Amino acid sequence: MTSRSILIVDDEANQRLMVEQALRTLAVDCHIATAASGQEALDALAVCSPDLIITDYHMPMMNGLELIEQVRQRQIASRIILITAYSSPELYEAAQYLHVDHYLTKPVPLTLLRRLAIAALDD
């Protein structure tokens, strides 16, 4: 299998680090990059298209849905996991409309996140 890639987007450094460390234990050859904002993520996406994007919803300047909308408009074929502490039926519907692969509510069990990441990278 060729090397796969994941982009983790979260404005909270400790959350980015926790997710990154959890995914470093995956038994697949995988490059993991991080971004502290939606704009930083878009800058990274201009250079390469990761196989999986894991993004937080609540971020300043550009929230996770706005980022996902940009990803979809640019026709980037990444799988997407949206994580939120602010779940609502409206947010869930918007995520479904943007074809988010998984919508998770915090706190997210790291075992679940690993399992979903492996499944996304295996496709």
Side-chain angles (χ1 to χ4, degrees):
M1 173 189 265
T2 60
S3 181
R4 311 294 268 162
S5 61
I6 299 173
L7 176 61
I8 301 165
V9 187
D10 199 312
D11 63 310
E12 294 183 29
N14 62 335
Q15 290 291 340
R16 281 193 315 273
L17 181 62
M18 180 182 64
V19 171
E20 181 180 7
Q21 287 178 338
L23 297 180
R24 291 245 177 249
T25 64
L26 297 178
V28 294
D29 183 19
C30 185
H31 171 74
I32 300 174
T34 63
S37 69
Q39 186 58 55
E40 193 176 316
L42 290 176
D43 293 344
L45 292 169
V47 177
C48 68
S49 297
D51 299 291
L52 173 63
I53 299 170
I54 300 172
T55 185
D56 187 35
Y57 168 69
H58 192 355
M59 297 183 290
M61 306 301 283
M62 179 186 303
N63 68 37
L65 277 183
E66 293 166 334
L67 170 62
I68 294 165
E69 188 171 14
Q70 288 290 317
V71 168
R72 295 304 186 216
Q73 285 177 359
R74 295 170 189 211
Q75 299 181 341
I76 298 169
S78 302
R79 298 286 198 152
I80 299 177
I81 297 174
L82 177 66
I83 300 175
T84 183
Y86 304 94
S87 185
S88 71
E90 296 81 15
L91 179 57
Y92 179 79
E93 280 184 31
Q96 293 303 302
Y97 177 77
L98 292 171
H99 305 287
V100 167
D101 294 279
H102 297 284
Y103 174 93
L104 304 176
T105 304
K106 291 180 181 178
V108 176
L110 295 179
T111 54
L112 172 62
L113 192 57
R114 284 186 200 103
R115 189 169 61 244
L116 294 175
I118 289 170
L121 296 174
D122 280 348
D123 283 350

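Quick caveat, the model's predicted, so the values are computed rather than measured. Quick note: numbers below take in every heavy atom, side chains included, and nothing from hydrogens, waters or symmetry partners.
- Val9 is connected to Leu98 through a chain of hydrophobic side-chain contacts under 4.5 Å among Ile, Leu, Val, Met, Phe, Trp and Tyr, so both are in one cluster.
- Annotation: side chain to side chain donor-acceptor pair (under 3.5 Å) contacts involving residues 5-21, sequence neighbours excluded, comprise Glu20-Arg24.
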**Message:** Please determine whether side chain to side chain contact (heavy atoms under 4.5 Å, CB included) holds for the pair Leu121 and Ile6, giving the CA-CA distance in whole Å, both sets of side-chain angles, and the decisive distance to 0.1 Å.
**Reply:** CA-CA 9 Å; Leu121 296 174; Ile6 299 173; 3.9 Å; yes

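- What you find for Ser78 and Ser49 is that their closest heavy atoms are OG-C, 4.4 Å.
- Looking at residues two or more places apart in sequence or on another chain, you find no side-chain hydrogen bond (donor to acceptor under 3.5 Å, both in side chains) involving Thr105.
- To the nearest 0.5 angstrom, Met18 atom CE is 8.5 Å from Leu113 atom CG.
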Could you list the donor-acceptor pairs under 3.5 angstrom formed between side-chain atoms of residues 53-65 and any protein atom two or more places apart in sequence or on another chain?
| unit_1 | atom_1 | unit_2 | atom_2 | d |
| --- | --- | --- | --- | --- |
| Asp56 | OD1 | Lys106 | NZ | 3.3 |
| Asn63 | OD1 | Leu65 | N | 2.9 |
| Asn63 | OD1 | Glu66 | N | 2.8 |

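- A donor-acceptor pair is defined here as one N or O able to donate and one able to accept, closer than 3.5 Å; such a pair exists between the side chain of Arg72 and the backbone of His99.
- Pairing each heavy atom of Tyr103 with each of Ser87, the nearest pair is OH-OG, 2.9 Å.
- Evaluation of the side-chain contact (heavy atoms from CB on, under 4.5 Å) rule for Ala119 yields no partner, not counting sequence neighbours.
- Screening Leu7, Leu23, Leu52 against Ile32 for a side chain to side chain contact (heavy atoms under 4.5 Å, CB included) leaves a single residue, Leu23.
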Pairs under 3.5 angstrom only: tabulate donor-acceptor contacts from the side chains of residues 36-43 to other protein residues two or more places apart or in another chain.
| unit_1 | atom_1 | unit_2 | atom_2 | d |
| --- | --- | --- | --- | --- |
| Ser37 | OG | Glu40 | N | 3.0 |
| Gln39 | NE2 | Asp43 | OD1 | 3.0 |
| Glu40 | OE1 | Ala36 | N | 3.4 |
| Glu40 | OE2 | Ala36 | N | 3.4 |

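- Gln96 contributes atom CD, which lies 10.0 Å from atom CG of Leu91 (distance to the nearest 0.5 angstrom).
- Note on Ile80: it does not cluster hydrophobically with Ile83, by side-chain heavy-atom contacts below 4.5 Å among ILVMFWY residues.
- Within the model, atoms CD1 of Ile68 and CG of Leu82 stand 4.5 Å from one another, a figure rounded to the nearest 0.5 Å.
- For the pair Gln73 and Gln70, the minimum side-chain heavy-atom distance is below 4.5 Å.
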**Item:** Derivation of the side chain to side chain contact (heavy atoms under 4.5 Å, CB included) call for Leu104 and Leu116
**Value:** CA-CA 11 Å; Leu104 304 176; Leu116 294 175; 3.8 Å; yes

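- Val108 and Leu17 sit in two unconnected hydrophobic clusters of ILVMFWY residues. Membership requires side-chain heavy atoms under 4.5 Å apart, directly or through other members.
- Listed by chain and residue number, Arg114 satisfy the side-chain hydrogen bond (donor to acceptor under 3.5 Å, both in side chains) test with Thr25 (two or more places apart in sequence, or in another chain).
- Hydrophobic clustering of Ile, Leu, Val, Met, Phe, Trp and Tyr side chains at less than 4.5 Å, counting indirect connections, unites Leu112 with Ile118.
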